[in-house]
Amino acid sequence: MIEKLLENTIVQAVQALFEQTIEPARAVVQKTRKDFEGDYTLAVFPFVRFARRSPEETARIIGEYLQLHLQWVAGFNVIKGFLNITISDQYWLGYFREHQAEAAFGFMPQSGGPTTVVEYSSPNTNKPLHLGHIRNNLLGFSVARILSANGKTVKKVNLVNDRGIHICKSMLAWQRWGGGETPESTGIKGDHLVGKYYVKFDQEYRIQVAELVAAGIKPDDAEKQAPLICEAQDMLLRWEAHDEEVMSLWKMMNGWVYEGFDVTYKTMGVDFDKTYFESETYLHGKRLVEEGMQSGAFEREADGSVWIDLTAEGFDRKLLLRADGTSVYMTQDLGTAQMRYDEYNPEKLIYVVGNEQNYHFDVLKLVLRNLGRPWSDTIHHLSYGMVELPEGKMKSREGKVVDADDLMEEMFETARAMTMELGKTEGFSDEEAEALFRMIGLGALKYFILKVDPKKNMLFNPRESIDFNGNTGPFIQYTYARIRSVLRKAGDSEKFAADILPSLLPKERS
RNA sequence: GGCCUCGUAGCUCAGCUGGAUAGAGCAGCAGCCUUCUAAGCUGCGGGUCGCGCGUUCGAAUCGCGCCGAGGUCACCA
């Protein structure tokens, strides 16, 4: 690339002119700001001390050196201490000729090197995917593709949280109030049907808690004593004891959810190489806890619970195993990390997980290090901020969410309406038009989500957030379509590069 | 309270490994469809880059201290 060439030559120039050896990092050029003439700019202020010249003079003699030694430097100008370098049109035309026919321009060949594991999505099976999952999925899928485009061997993995008290809540509510409803009998998508009963549970539970509080019980106690929550906990115990009735209900309802998720993922355009289920992996961490007990990294309380003391590292004491011997979240993540290490021996393990779990991942890495796992450093938590609504946080228990399926459907409808209004589908078959609406609607959504810094919280205003004009996905798609159109009209690309491109350049540069 | 993150135009966001007069889009106003696609283009107005101190030739960018917002410090995941 021309930047690298410029920078190397600047290092040479400084050596030759001022007898000073500098780090290549000190000779970085940047793109010239658009209101100045030139293509690349070097700020020479750091050199003036040993150049023993004014900034202007320093810039001028470096510019002369570059022009003399690099054939592609067509000229330069100096403003204050800024050296603006102009690259010749021949270079750009040559560059274009060289690369314009490359189908894989910008992509590195697959290296076949060590694997990078990217975990994303990680849904619970008690409710459908929402806007937060959209941000998660798009980030994870994009990062995987970017890594892959850089030649990395990438494995996209999903860890489905298919067990736990929240699943039991949906199950219990369906059992009690469902009346035998199924996705088939209602025409409701499986994940939505299950989510409906999760909301139902919460509504009924709140009523019970309110009644207990009215009867004079303290709110904290009421939340623990409400019959519904006790029943849900009982159901979880029966699940863990492999109670046949609970297991078959669990399998049936999870099956509905998976069918629903598959549709959502497909619509969104994301996929996975492998899916882990917590019900199958949640016991794996216990072996590591045993190991830590033996090595003395962990300690056991009188009640039998196991802890790690991280106060020396500036963290807290953290529970790793309950008194009854059951796993907690951290135990599971220790286990799955070890599984992935054993399976892929990855050079990097990326977790796309919301920033409310920053602390959890700091601790996870630290616990693994204390267990003598040097690969704990290969874990990277790709932490992203919450998607907020104008009225505040989304609350799925209260049904206060932007549903992923609904949102995508709205995007497609908006795309359809705008496209039809602009008359863009002339000569399209119904299938082509439908594919176009989806492409544009999804492009708008993806770009809207991905253009903001992952680590920042972002605001989503359902009414006005997603636009098709301005700095949007459809604008980029439109620009691409026009470029394709130009190329089509230009006929064969050789002819285009030779005859037509120069005429498209600004006059003063051709 | 401890720790972490964020604070840039009316709104949503770029810029943050230090560089020139801080940029886009939306919203507002004024123009532009017989050239390749107007989902576009051109122009105008709009800023104490939360506040203060420091480092530096130079700070939106780095450091420290305040203020404000969010997260977290669960035998939830």
Side-chain angles (χ1 to χ4, degrees), chain A residues 25 28 30 32-36 41-46 48-49 55 78-84 122-124 126 159 161-167 236 278 282 301 303-307 310-311 313-333 353-363 383-386 388 390 392-393 415 418-419 421-424 426 440 443-444 447-448 451-461 464-490 500 504:
Chain A
V28 174
Q30 46 204 301
T32 302
R33 294 176 65 114
K34 63 169 178 269
D35 27 41
F36 296 93
T41 294
L42 174 73
V44 302
F45 299 103
V48 302
R49 192 167 34 84
V78 174
I79 295 166
K80 296 202 255 175
F82 295 93
L83 171 63
N84 300 318
S122 313
N124 294 350
N126 61 328
L159 176 61
N161 178 16
D162 59 346
R163 58 167 286 278
I165 188 76
H166 44 287
I167 319 287
L236 182 60
E278 279 196 11
Y282 80 108
E301 288 275 287
D303 67 0
S305 57
V306 177
W307 299 73
L310 296 170
T311 47
E313 281 99 339
F315 294 85
D316 301 289
R317 254 164 63 92
K318 189 83 193 168
L319 180 83
L320 297 176
L321 212 57
R322 296 192 186 99
D324 62 7
T326 55
S327 299
V328 291
Y329 183 44
M330 183 60 72
T331 328
Q332 297 178 36
D333 257 356
V353 179
N355 63 8
E356 72 272 13
Q357 293 192 31
N358 285 352
Y359 183 82
H360 171 78
F361 280 97
D362 286 345
V363 171
S383 164
Y384 63 90
M386 297 186 312
E388 288 162 355
K393 287 182 70 172
M418 289 195 69
T419 306
E421 192 183 320
L422 291 169
K424 298 282 188 184
E426 237 173 90
I440 292 169
Y447 190 75
F448 178 80
K451 75 177 173 184
V452 343
D453 185 347
K455 81 175 170 186
K456 289 186 179 178
N457 288 355
M458 62 181 290
L459 185 78
F460 180 82
N461 187 328
E464 49 194 64
S465 275
I466 296 197
D467 206 339
F468 289 68
N469 303 312
N471 183 13
T472 64
F475 169 74
I476 294 167
Q477 291 170 323
Y478 172 72
T479 306
Y480 176 73
R482 287 195 62 173
I483 290 168
R484 292 288 297 245
S485 174
V486 168
L487 291 174
R488 232 177 4 251
K489 300 249 154 83
I500 299 174
L504 296 174

#### Entry: Separation of B:C4 C1' from A:Asn358 CG (nearest whole Å)
7 Å
### Under-3.5 Å donor-acceptor pair between A:Asn84 side chain and B:A20 base
yes
### Query
Got a second to check how far A:Phe460's CZ is from A:Met386's CE, nearest 0.5 Å?
15.5 Å
### Query
In whole angstroms, how far is the C1' atom of B:U8 from the CE atom of A:Met458?
18 Å
### Euclidean distance for C1', B:A9 against B:A24 (whole angstrom)
11 Å
### Message
As an exercise, state the distance from CD of A:Glu356 to OH of A:Tyr384, rounded to the nearest 0.5 Å.
### Response
7.0 Å
### Message
Mind checking if A:Thr419 touches a base, just sugar-phosphate, or nothing, with heavy atoms under 4.0 Å?
### Response
base
### Task
With heavy atoms under 4.0 Å as the rule, sort A:Pro46 into base, sugar-phosphate or nothing.
base
### Query
Separation of A:Asn461 atom CG from B:C13 atom P, in whole Å?
10 Å
### Message
I'd like the C1' distance from B:C26 over to B:U21, given in whole Å.
### Response
25 Å
### Query
Expressed in whole Å, how much space separates the C1' atoms belonging to B:C11 and B:C4?
28 Å
### Query
Between A:Tyr329 and A:Gln357, do the side chains contain an N or O donor and an N or O acceptor separated by less than 3.5 Å?
yes
## Note on the structure
CG (A:Leu159) and CG (A:Asp333) are apart, to the nearest 0.5 Å, by 7.0 Å
#### Entry: Any A:Arg484 side-chain nitrogen or oxygen under 4.0 Å from OP1 or OP2 of B:C36
no
### Task
Report which part of the nucleic acid A:Asp162 touches: base, sugar-phosphate, or nothing (heavy-atom distance under 4.0 Å, all strands).
nothing
### Query
For A:Gln332 and A:Ser327, which heavy atoms make the closest approach, and how far apart are they?
CG-CB, 4.4 Å
#### Entry: A:Phe82-B:G19 aromatic stacking (under 5.5 Å, under 30°)
no
### Query
With respect to the phosphate group of B:C6, does any side-chain polar atom (N or O) of A:Lys455 fall under 4.0 Å of OP1 or OP2?
yes
#### Entry: Whether over 12 other heavy atoms sit under 6.0 Å from A:Glu421 CD
no
### Task
Give the dot-bracket string for RNA chain B, reading 5' to 3', where a pair is Watson-Crick or G-U wobble with both distances under 3.5 Å, ( ) marks pairs inside the strand, [ ] marks pairs crossing earlier ones, | marks a partner on another strand, and . marks unpaired.
(((((((..((((.....[...)))).(((((.......))))).....(((((..]....))))))))))))....
### Message
I want to verify the glycosidic state of B:C33; is it syn or anti under the 90° rule?
### Response
syn
### Nearest-0.5 Å distance, CD1 of residue A:Ile440 to CD of residue A:Gln477
6.0 Å
### Query
Nearest to the side chain of A:Tyr478, which nucleotide is it out of B:C13, B:U37, B:A20?
B:U37
### Query
So, A:Thr419 side chain and A:Ala415 main chain: donor-acceptor pair closer than 3.5 Å or not?
yes
### Query
Taking CD from A:Glu313 and C1' from B:C3, how many angstroms apart are they, rounded to a whole number?
14 Å
### Task
Considering only atom C1', compute the distance from B:C62 to B:C16 and round it to an integer number of Å.
10 Å
### Query
Stacking check: are the rings of A:Phe475 and B:A39 less than 5.5 Å apart at their centres and under 30 degrees in tilt?
no
### Query
Between B:U8 and B:A60, how far is it from one P atom to the other, in whole Å?
15 Å
### Query
Between CG of A:Leu319 and OG1 of A:Thr331, what distance do you get to the nearest 0.5 Å?
7.0 Å
#### Entry: Side chain of A:Ala481 - closest among B:G25, B:U37, B:C4
B:U37
### Query
Where is the tightest heavy-atom contact between A:Leu459 and A:Phe448, given as atom of each residue plus distance?
O-CZ, 4.1 Å
### Query
For atom P, what is the distance between B:A14 and B:G31, given to the nearest Å?
34 Å
### Query
For A:Tyr282, what residues pass the side chain to side chain donor-acceptor pair (under 3.5 Å) criterion, not counting sequence neighbours?
none
### Query
Hey, does A:Thr41 reach any base, or is it just sugar-phosphate, or nothing, if we go heavy atoms under 4.0 Å?
base
### Query
P atom, B:U61 versus B:C29: distance in rounded Å?
36 Å
### Task
Identify the two heavy atoms, one from A:Asn355 and one from A:Lys455, that lie closest to each other, and give their separation to 0.1 Å.
ND2-O, 4.2 Å
### Message
Classify A:Ile440 by what it touches in the nucleic acid, base, sugar-phosphate, or nothing, heavy-atom distance under 4.0 Å.
### Response
base
### Task
Let me know the distance between CG of A:Leu459 and C1' of B:G7, rounded to the nearest Å.
15 Å
### Query
Does a side-chain N or O from A:Arg33 land closer than 4.0 Å to OP1 or OP2 of B:A20, or not?
yes
### Task
Could you work out the separation of B:U42 and B:G23 based on their P atoms and round it to a whole Å?
16 Å
#### Entry: Given B:U37, B:C26, B:G19, the nucleotide with the shortest approach to the side chain of A:Ser485
B:U37
### Query
Contact class for A:Phe36 vs. all strands (heavy atom < 4.0 Å): base, sugar-phosphate, or nothing?
base
### Message
In this structure, how many angstroms lie between the P atom of B:A20 and the CG atom of A:Leu83, rounded?
### Response
16 Å
### Query
Counting side-chain heavy atoms from CB outward, which of B:G40, B:A20, B:C36 is closest to A:Asn469?
B:G40
### Rounded interatomic separation in angstrom, taking OH from A:Tyr447 and P from B:A39
18 Å
### Task
Take the protein atom CE of A:Met418 and the nucleotide atom P of B:A38, then report the distance between them rounded to whole Å.
15 Å
### Task
Mind checking side chain to side chain donor-acceptor pair (under 3.5 Å) for A:Asn457 and listing every partner two or more places apart, or none if nothing turns up?
A:Glu388
#### Entry: Nearest-0.5 Å distance that lies between atom CZ in A:Arg33 and atom CZ in A:Phe82
9.0 Å
### Message
Per the salt bridge (Lys or Arg N to Asp or Glu O under 4.0 Å) rule, what does the pair list look like for residues 466-484 of chain A, sequence neighbours excluded?
### Response
none
### Message
If you assign each of A:Lys80 and A:Leu422 to its closest nucleotide in RNA chain B, which residue comes earlier from the 5' end?
### Response
A:Lys80
### Message
Protein within reach of the bases, or only the backbone? For nucleotides 68-77 of chain B, mark each nucleotide 5' to 3' as B, S or -, using heavy atoms under 4.0 Å.
### Response
--SSSS-BSB
Please list, for nucleotides 15-17 of chain B, all pairs of protein and nucleotide N/O atoms separated by less than 3.5 Å.
none

